[in-house]
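The structure appears below as structure tokens.
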Amino acid sequence: MGNSPLFPTNNVVSGFGNISVDNIRIIKMEWINESLTLIFIGLLTIAVTLLNEMNHMVTKAVYVLTYLMLSAMSVLSFVHRF
């Protein structure tokens with residue numbers, strides 16, 4: 001996790017310039033929330049891949065749900081730019 005998205009949080013917030021304390025908290029909260037979501041999705045995928053002998057249906061379900069979640073997050077990030 002050397003390139004964890006959690007580490008540059010303060011740099012990201014400082015890039016917004018002079019903003020209110022409430023806005024700083026909201027940006028930090030959203031940045032940390034998305035980072036933890038991505039870390040969890042990655043760890044879950046790794047775990048079911050390593051344990052796929054136990055239940056192949058669960059592994060496939062996690063792969064599909066991971067794909068859907070990452071796709072939804074990508075669309076949200078793309079649409080949010082406009």
Side-chain angles (χ1 to χ4, degrees):
M1 256 198 286
N3 293 325
S4 174
L6 288 173
F7 296 132
T9 303
N10 287 329
N11 290 336
V12 170
V13 172
S14 66
F16 283 91
N18 189 16
I19 58 176
S20 71
V21 173
D22 286 340
N23 284 336
I24 290 172
R25 289 180 182 150
I26 290 169
I27 292 168
K28 282 185 177 182
M29 179 183 66
E30 291 299 323
W31 187 267
I32 291 169
N33 181 25
E34 186 170 342
S35 298
L36 291 176
T37 300
L38 291 171
I39 291 167
F40 173 77
I41 289 170
L43 291 176
L44 179 64
T45 305
I46 290 168
V48 298
T49 300
L50 294 176
L51 303 172
N52 71 2
E53 304 286 328
M54 297 176 69
N55 189 338
H56 218 53
M57 295 290 288
V58 171
T59 303
K60 287 181 181 181
V62 169
Y63 290 165
V64 169
L65 293 172
T66 297
Y67 168 77
L68 293 173
M69 182 62 171
L70 292 174
S71 296
M73 291 175 74
S74 296
V75 169
L76 179 63
S77 293
F78 179 75
V79 171
H80 190 269
R81 292 180 146 188
F82 302 106

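Values below: all heavy atoms of this structure, side chains included; hydrogens, waters and symmetry mates excluded. Along the sequence shown, the residues carry numbers beginning at 1.
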Enter the distance from Leu38:CG to Leu43:CG here, rounded to the nearest 0.5 Å. 11.0 Å

Leu70 CG to Thr45 OG1 distance, which is reported to the nearest 0.5 Å: 7.5 Å

Leu65 vs Leu44, test: side-chain contact (heavy atoms from CB on, under 4.5 Å). Steps then yes/no. CA-CA 11 Å; Leu65 293 172; Leu44 179 64; over 6 Å; no

Calculate, to the nearest 0.5 Å, the distance between atoms OG1 and CG belonging to Thr37 and Asn33 respectively. 4.5 Å

Single-linkage hydrophobic cluster, 4.5 Å side-chain cutoff, Val64 and Tyr67 together: yes

Do other residues, nucleotides or ligands put more than 12 heavy atoms under 6.0 Å from Tyr63 OH? yes

Shared hydrophobic cluster for Phe40 and Val48 (ILVMFWY, side-chain gaps under 4.5 Å): yes

Separation between CD1 of Ile39 and CD1 of Ile32, rounded to the nearest 0.5 Å: 10.5 Å

Measure the CH2-CG distance between Trp31 and Leu36 for me, rounded to the nearest 0.5 Å. 12.5 Å

